[in-house]
Amino acid sequence: MQEAPPANQEALPPPPDKRGVGNKPCNSPKGHRPDGHSSVTDLANSLTGDMVMLSPGSEDDDGEGAVSEKLGRIQFSVGYSFQDSTLTVKILKGQELPAKDFSGTSDPFVKIYLLPDKKHKLETKIKRKNLNPHWNETFLFEGFPYEKVRERTLYLQVLDFDRFSRNDPIGEVSIPLNKLSDLGHMQTFWKELKPCMDGAGRRGDLLVSLCYNPTANTITVNIIKARNLKAMDIGGTSDPYVKLWLMHKDKRIEKKKTVTIKRCLNPVFNESFPFEVPAHVLRETTIIITVMDKDRLSRNDVIGKIYLSWKSGPAEVKHWKDMMGRPRTNVAQWHALKA
């Protein structure tokens with residue numbers, strides 16, 4: 001292998017989970033109120049007059065219908081040379097990729113595999129700060145008999161490069177090569193990216209409410225509860241807590257966090273965090289919510305994240321706009337945690 005040269009209101013809580021080991025809701029330690037935030041009185045189990053529960057697919061959305069996350073699409077070409085026993089894959093460009101960075105953009109690159117072989121991979125160059133990247137790179141899988149090629153699946157994974165932590169998956173495309181009718185000629189495809197499922201799978205969901213007070217210039221974030229969190233410990237459970245960062249552009253302004261709830265995949269936090277956000281910086285503000293697994297003996301693990309701002313994914317943007325459209329009201333919404 002080588003690279004060639006260059007929201008209808010809905011009632012809380014949601015339908016009950018199947019209760020089993022690790023599935024029982026666990027509450028925050030009673031009476032424990034760390035400095036800097038206060039407990040929210042049973043926010044998860046009641047809907048009062050000043051709280052609105054929305055879902056990403058609700059009708060209280062001006063008829064938009066269900067919001068499914070758009071991950072963008074990728075253009076590529078693939079073809080096989082019988083004369084050289086070589087499979088050629090060209091990664092051409094991406095379109096409308098989601099922003100994964102604080103600054104509202106991404107640094108995308110593509111990994112190329114011929115499954116089931118995951119040991120050998122090829123990668124494109126990284127395109128900095130670009131949601132519509134043009135790669136135009138050619139990759140050659142040489143010395144591949146046609147019979148073997150037809151047993152393989154071309155797998156493309158688009159990722160956002162992160163210099164300081166693990167690269168964030170954006171989306172994936174897979175094509176069984178035996179499904180292509182004329183592999184002997186280069187064929188070009190546009191394919192919609194799908195959520196990456198390679199070993200990550202679902203990470204769980206977090207119920208969050210937001211309240212914007214334009215008079216006080218504050219956004220209050222209520223971390224209500226989580227469900228079906230990914231087990232990070234050997235015993236098949238996690239010790240979750242939630243960390244919040246207020247960001248202005250790329251700068252970290254303020255950090256807060258909840259208590260840790262031991263051995264629980266469906267924790268109830270009910271904790272409230274006010275952040276001061278002047279009106280003139282609202283459009284450059286992002287609130288990063290990270291669900292963590294506390295580990296006493298080693299580094300804490302990230303279970304999943306949410307980026308709330310004007311320019312995140314569709315579900316997050318919708319929640320932000322609902323908050324702005326309903327000042328002084330707690331607007332709650334479930335969010336799927338992302339890698």
Side-chain angles (χ1 to χ4, degrees), residues 7-15 37 40-71 96 98-100 102 104 204-227 242 244-248 254 256 258 268-291 304-338:
N8 221 10
Q9 280 193 318
E10 71 180 41
L12 272 171
H37 60 278
V40 180
T41 306
D42 205 17
L43 203 53
N45 298 316
S46 66
L47 268 178
T48 62
D50 64 345
M51 182 169 178
V52 177
M53 176 66 190
L54 298 174
S55 68
S58 66
E59 290 175 7
D60 195 358
D61 202 9
D62 298 323
E64 288 180 16
V67 177
S68 58
E69 185 176 15
K70 299 292 185 183
L71 300 176
E96 299 176 350
K100 305 291 278 188
F102 310 143
D205 306 292
L206 186 67
L207 181 59
V208 178
S209 83
L210 301 175
C211 181
Y212 175 57
N213 187 327
T215 306
N217 284 328
T218 59
I219 294 176
T220 300
V221 183
N222 296 320
I223 304 298
I224 304 173
K225 61 182 178 178
R227 64 186 179 194
V242 181
L244 301 90
W245 270 107
L246 177 69
M247 309 288 299
H248 178 242
E254 189 176 1
K256 299 186 179 184
T258 69
V268 177
F269 296 100
N270 285 341
E271 296 187 48
S272 175
F273 304 88
F275 292 101
E276 188 174 336
V277 184
H280 67 277
V281 300
L282 270 170
R283 283 195 170 270
E284 287 111 22
T285 295
T286 301
I287 297 172
I288 304 172
I289 302 174
T290 307
V291 181
K305 295 182 180 183
I306 304 166
Y307 295 81
L308 295 172
S309 73
W310 283 104
K311 51 199 175 189
S312 309
E316 292 86 350
V317 169
K318 178 185 180 303
H319 197 180
W320 192 269
K321 289 182 177 178
D322 288 336
M323 171 195 72
M324 297 300 298
R326 294 175 170 88
R328 303 177 187 85
T329 302
N330 284 302
V331 181
Q333 183 174 306
W334 283 101
H335 291 276
L337 296 171
K338 298 172 185 176

(request) Might you point out which heavy atoms bring Lys225 and Val268 nearest each other, and give the distance in Å? (result) CB-CA, 3.8 Å

(request) Heavy atoms only: give me the nearest Trp320-Leu308 pair and the separation to one decimal. (result) CZ3-O, 3.5 Å

(message) What's the separation between atom OG1 in Thr285 and atom CE in Met247, rounded to the nearest 0.5 Å?
(response) 10.5 Å

(request) Walk me through it: do Val208 and Val221 pass the test side-chain contact (heavy atoms from CB on, under 4.5 Å)? (result) CA-CA 7 Å; Val208 178; Val221 183; 3.8 Å; yes

(request) Determine the minimum heavy-atom distance between Leu282 and Trp310, stating which atoms define it. (result) O-CD1, 3.4 Å

(request) Can you see which heavy atom on Leu207 is nearest to which on Ala332, and at what distance? (result) CD1-CB, 4.3 Å

(message) Whether the side chain of Gln333 engages the backbone of Asp322 through a donor-acceptor N/O pair (distance < 3.5 Å, no angle test) should be reported.
(response) no

(message) Would you say that Val277 contacts Asn217 through its side chain, given a criterion of any heavy-atom pair below 4.5 Å between the two side chains?
(response) no

(request) Could you grab the distance from atom CG of Asn330 to atom OG1 of Thr220, nearest 0.5 Å is fine? (result) 7.5 Å

(message) What's the separation between atom CZ in Phe269 and atom CD1 in Ile223, rounded to the nearest 0.5 Å?
(response) 8.0 Å

(message) Holding to side chain to side chain contact (heavy atoms under 4.5 Å, CB included), I want the full list of residues that pass it with Pro214, two or more places apart in sequence or in another chain.
(response) Tyr212, Pro327, Arg328

(request) Could you please spell out the steps behind the side-chain contact (heavy atoms from CB on, under 4.5 Å) verdict for Val291 and Leu206? (result) CA-CA 9 Å; Val291 181; Leu206 186 67; 4.1 Å; yes

(message) With heavy-atom distances below 4.5 Å as the criterion, would you say the side chains of Trp245 and Ile289 are in contact?
(response) no

(message) Quick check: closest heavy atoms across Leu71 and Pro98, and the distance to 0.1 Å?
(response) O-CD, 3.3 Å

(message) Just verifying a value: how many Å separate Thr286 OG1 and His248 NE2, rounded to the nearest 0.5 Å?
(response) 9.5 Å

(request) Answer yes when Glu316 and Lys338 have at least one side-chain N-carboxylate O distance shorter than 4.0 Å, and no when they do not. (result) yes

(request) Check side chain to side chain contact (heavy atoms under 4.5 Å, CB included) between Glu254 and all other residues, then give those that pass, not counting sequence neighbours. (result) Leu246, Lys256, Phe275

(message) Can a donor-acceptor pair be found, under 3.5 Å and without considering hydrogens, that links the side chain of His319 to the backbone of Ser209?
(response) no

(request) For Ser272 and Asn222, test the side chains for any donor-to-acceptor distance below 3.5 angstrom and give the result as yes or no. (result) yes

(message) Return the CG to CD distance between Asn213 and Glu276, rounded to the nearest 0.5 Å.
(response) 11.5 Å

(request) Provide the closest heavy-atom pair for Leu244 versus Val242 in the form atom of the first, atom of the second, distance. (result) CD1-O, 4.1 Å

(message) Would you compute the distance between atom CZ of Arg283 and atom CE of Met324 and round it to the nearest 0.5 angstrom?
(response) 8.5 Å

